There are 4 protein chains.
Amino acid sequence: MVRSKEQNERMSHVTREKIIEAALSLFAYKGYALTTIKDVSKTAGISTGLIYRHFHSKEELFDTLIEMAIIEIKELINFLDTDINPKDMINSLVEKIIAGIESSELIAHYYLLVSRSFIDNDVTKQQENLKTINLILFQKMSNLIEKGQQLGELKEGNADKLSLLFFSLTQGIASMKLFLEDKFIALESQDLTVFLINEEKGEEYV
Amino acid sequence: MVRSKEQNERMSHVTREKIIEAALSLFAYKGYALTTIKDVSKTAGISTGLIYRHFHSKEELFDTLIEMAIIEIKELINFLDTDINPKDMINSLVEKIIAGIESSELIAHYYLLVSRSFIDNDVTKQQENLKTINLILFQKMSNLIEKGQQLGELKEGNADKLSLLFFSLTQGIASMKLFLEDKFIALESQDLTVFLINEEKGEEYV
Amino acid sequence: MVRSKEQNERMSHVTREKIIEAALSLFAYKGYALTTIKDVSKTAGISTGLIYRHFHSKEELFDTLIEMAIIEIKELINFLDTDINPKDMINSLVEKIIAGIESSELIAHYYLLVSRSFIDNDVTKQQENLKTINLILFQKMSNLIEKGQQLGELKEGNADKLSLLFFSLTQGIASMKLFLEDKFIALESQDLTVFLINEEKGEEYV
Amino acid sequence: MVRSKEQNERMSHVTREKIIEAALSLFAYKGYALTTIKDVSKTAGISTGLIYRHFHSKEELFDTLIEMAIIEIKELINFLDTDINPKDMINSLVEKIIAGIESSELIAHYYLLVSRSFIDNDVTKQQENLKTINLILFQKMSNLIEKGQQLGELKEGNADKLSLLFFSLTQGIASMKLFLEDKFIALESQDLTVFLINEEKGEEYV
DNA sequence: GATGAATGAGTCTTCATTCAT
DNA sequence: AATGAATGAAGACTCATTCAT
């Protein structure tokens with residue numbers, strides 16, 4: 001009467017997903033230090049011991065989440081590498097970001113998890129990777145901006161600086177979302193791009 | 001014979017300053033929960049026990065820093081209450097902020113500490129106070145923006161939203177400063193105000 | 001597979017008993033402040049952490065013991081409230097006390113714990129309750145003695161004073177039991193009641 | 001302008017006395033563990049450091065008090081060795097004890113300090129001495145009782161047991177004094193000796 | 001002799017991790 | 001695979017003790 005191999009694997013996979021979901025929510029809301037493994041197991045509806053069959057340590061569980069973030073950012077980078085023209089690309093990027101942040105506090109927390117992790121000093125290897133990939137993203141954005149400036153689509157100015165301002169803004173918004181909670185004001189794409197994109201006739205924003 | 005009262009007070013003051021500086025940096029970087037008293041004492045170059053001669057608990061030490069931040073913000077609020085015209089006020093405010101962030105990590109740490117306490121919930125009571133005072137600051141800025149819009153000095157748009165963007169930007173910048181370290185690019189006042197202040201003839205910025 | 005619920009409960013119960021026994025002896029001998037949780041865990045033969053699965057704090061552990069003593073005393077009070085005649089009641093009470101003290105150190109420890117908590121001020125709230133209930137017991141005994149005096153069964157004299165002497169004696173005996181250990185001399189009921197009960201013809205004691 | 005040797009010695013002696021007085025009161029009221037050296041120094045009106053010029057450690061300070069108790073008990077033993085007749089000796093002893101306990105809580109505490117110290121397990125050498133001397137006192141009392149019985153002054157019965165009851169009573173009374181505080185009832189010599197001394201005609205006590 | 005700032009060992013408590021079942 | 005009892009290392013905090021002055 002033993003379970004078949006596939007059954008076991010399916011169960012295992014379901015458990016893993018439950019753990020990750022619980023951990024993501026808890027780490028994001030309460031932070032790494034204030035989240036206990038017991039919290040995670042309770043939220044996931046399993047025993048504490050079972051977590052250790054899926055992850056060797058709390059840190060590894062955390063790193064798994066970071067890795068997921070890295071994958072997201074890598075996709076972003078891939079997207080930036082496609083041959084769309086800079087202005088449309090930035091617009092579409094910004095819309096994605098705004099939609100994400102506004103849709104749930106969880107995603108806002110996720111942004112902060114990311115931004116927080118590149119400030120931390122004693123970091124794990126995955127956090128180091130995240131830091132690296134973020135720097136790459138930053139650089140890609142600079143390049144994109146330069147390209148857009150050459151095309152006359154984007155405003156002039158030091159591209160690195162504009163990139164810096166861009167990420168400052170997205171990060172600041174994620175943090176303000178959590179601060180203002182209900183009082184947070186819905187943003188539009190142009191709110192974030194006004195300092196970056198040249199206005200076209202017919203869609204003035206001033 | 002014995003140390004004079006003044007000697008003792010001087011020693012005490014120096015120690016207290018060392019503790020505060022160490023704690024500020026650590027709390028800002030690692031957050032409350034991940035910062036240990038031993039971390040603080042090591043960074044400050046003193047024993048753990050000595051910290052407790054100056055602060056009754058880890059929480060009181062943390063609250064002391066938060067309170068210092070509150071005082072700074074209160075001064076900012078007072079400044080916003082003076083009768084300067086909105087545009088000049090914002091310009092001077094921004095210059096102050098940029099200069100602060102760029103001049104020392106200490107001040108960037110303060111910004112980070114403030115933005116962190118938006119996120120880390122339920123840590124101490126002083127954090128609630130900090131949130132409250134920040135909301136007031138936010139409101140004052142909205143009012144100022146409205147006033148500036150009536151005077152035609154500032155760009156149109158929902159005042160709350162512009163205030164939100166303004167603080168998002170300053171906060172994001174502080175955190176980018178600590179992330180990029182040497183790679184941080186010096187900012188000018190206009191970088192932060194371009195979305196807010198109407199350009200005047202003769203000092204175009206594009 | 002997994003331990004059954006009953007298995008777990010049995011294990012849990014055994015552990016709890018081990019902790020209580022160890023703690024009782026240590027608190028009685030060394031007092032609250034000088035007894036460390038490590039002492040208790042070593043004596044109980046378990047780890048320190050495990051104690052906290054059963055008691056939230058050192059104080060709660062202590063209070064549990066005090067509460068057990070309170071329950072015993074309440075039963076004593078209930079007994080004093082029954083309608084037996086004073087002389088028989090006191091005799092049976094004394095026999096119970098002597099048997100208890102002589103039978104096991106555990107019970108002597110309880111007496112010691114109680115008498116200790118008269119002295120150690122400001123330790124826990126349960127101690128206040130213990131004091132209160134002891135005062136009630138003291139009062140009940142006074143009343144009983146008065147009643148016995150009216151019946152001519154008990155010796156004359158201030159009832160409160162006789163009550164005081166009675167409890168002084170029982171308490172002193174418990175502590176002497178622990179002091180003298182093997183050298184402790186077996187007592188008889190009359191040893192404790194000679195100052196209280198009128199001799200009857202035929203059973204003189206001198 | 002240095003102080004003369006005698007002056008220094010006198011000051012030193014005064015300081016030592018202040019420390020002992022403070023320590024006795026604090027140890028007696030709060031117990032060894034709950035009394036801090038800072039408590040002692042504050043009560044004595046001196047600095048903490050100065051205590052260590054007079055006593056090498058907290059334990060040594062405590063032992064000094066125990067030693068003082070030992071001296072008192074030795075005097076008691078000497079008294080018991082004199083050639084007074086048992087009955088008068090016991091009466092005078094009891095009067096002394098009652099007067100002491102009733103005069104101040106401090107002395108009651110002192111009795112308990114003594115009785116407590118012979119229960120403790122991990123004791124200092126002085127506490128061991130105290131225990132020994134107490135056993136001697138106990139034995140002397142037994143002898144005295146036997147002698148009194150031979151003279152027909154004291155009631156019959158196992159002398160050791162009567163001695164045990166005697167000390168149980170004194171110790172219990174000290175503890176009740178602290179428990180009942182204001183409600184404590186003044187005792188007379190006969191209250192403690194009724195079980196021990198044969199009544200004489202003309203001074204019946206029943 | 002005298003002070004009190006400074007130290008660090010030791011205590012209570014939490015929680016990541018292990019392990020018998 | 002799954003449970004949760006059990007472990008013990010680590011953190012906040014206290015306080016006896018030392019030491020510069």
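Below, chains carry the letters A, B, ... as their sequence lines are ordered, and counting in each starts from 1. Note that the structure is a prediction, hence the values are computed from the model and not measured.
Distances shorter than 4.0 Å separate some side-chain N or O of D:Y52 from OP1 or OP2 on F:dT17. Of the side-chain N and O atoms in A:T36, none sit less than 4.0 angstrom from OP1 or OP2 of E:dT14.
Note: CD (A:E60) to P (E:dT18) measures 12 Å, nearest angstrom. Between the CG atom of C:D39 and the P atom of E:dT11 there is a distance of 8 Å, given to the nearest Å. D:H54 places its NE2 atom 16 Å from the C1' atom of F:dT17, with the value rounded to the nearest Å. One interatomic measurement links the two molecules: NZ of B:K42 to C1' of F:dA10, which rounds to 12 Å at whole-angstrom precision. Residue A:I37 contributes atom CD1, which lies 6 Å from atom P of E:dA16 at whole-angstrom precision. When rounded to the nearest whole Å, the span between NZ of D:K38 and P of E:dA6 equals 13 Å. Between C:R16 atom CZ and F:dA5 atom C1' the separation is 16 Å, expressed in whole Å. For the pair C:R53 CZ and E:dC15 C1', the interatomic distance rounds to 11 Å; values are reported in whole Å.
Shown here are the side-chain contact (heavy atoms from CB on, under 4.5 Å) partners of B:T43, two or more places apart in sequence or in another chain: B:A22, B:L26.
Comparing atom distances between the D:T48 side chain and each of F:dA16, E:dA5, E:dT7 picks out E:dA5 as nearest. For D:S57, whose side chain is taken as the heavy atoms from C-beta onward, the closest listed nucleotide among E:dA2, F:dT17, E:dG8 is F:dT17. The side chain of A:K58 lies closest to E:dT17, out of E:dT13, F:dA2, E:dT17.
C:I46 comes within 4.0 angstrom of sugar-phosphate atoms only, judged by non-hydrogen atoms across all strands, and of no base. Using a 4.0 Å heavy-atom cutoff across all strands shown, B:S12 reaches no nucleic acid atom at all. Residue-level contact check: D:L50 touches the bases, meaning some heavy atom is under 4.0 Å from a base atom. Residue contacts shown for D:S41 are absent, as no nucleic acid heavy atom lies under 4.0 Å away.
Contact check for A:Y52 versus A:I37: side-chain heavy atoms found under the 4.5 Å cut-off. When side chains are defined from C-beta on, B:V14 counts as touching B:K18, because their heavy atoms get closer than 4.5 Å. Between B:R53 and B:S12, the closest side-chain pair of non-hydrogen atoms is not below 4.5 Å.
With 3.5 Å as the limit, one finds no donor-acceptor pair spanning the side chains of A:N129 and A:T132.
A distance of 10.0 Å separates CD of B:E128 from NZ of B:K125, quoted to the nearest 0.5 Å. Between C:I66 atom CD1 and C:Q126 atom CD the span is 8.0 Å, to the nearest 0.5 Å.
Between A:T35 and B:I51, the one whose closest nucleotide on DNA chain E sits nearer the 5' end is B:I51. Comparing D:G45 and C:A33 along DNA chain E, the residue whose closest nucleotide (by nearest heavy atom) sits nearer the 5' end is D:G45.
Axis orientation changes by 20° from one end of the helix from E:dA2-F:dT21 to E:dT21-F:dA2 to the other, with each end axis drawn from 5 pairs and the value rounded to 10°.
Classified by interplanar angle (parallel below 30°, tilted 30° to 60°, perpendicular above 60°), the ring pair D:F62/D:Y32 is perpendicular.
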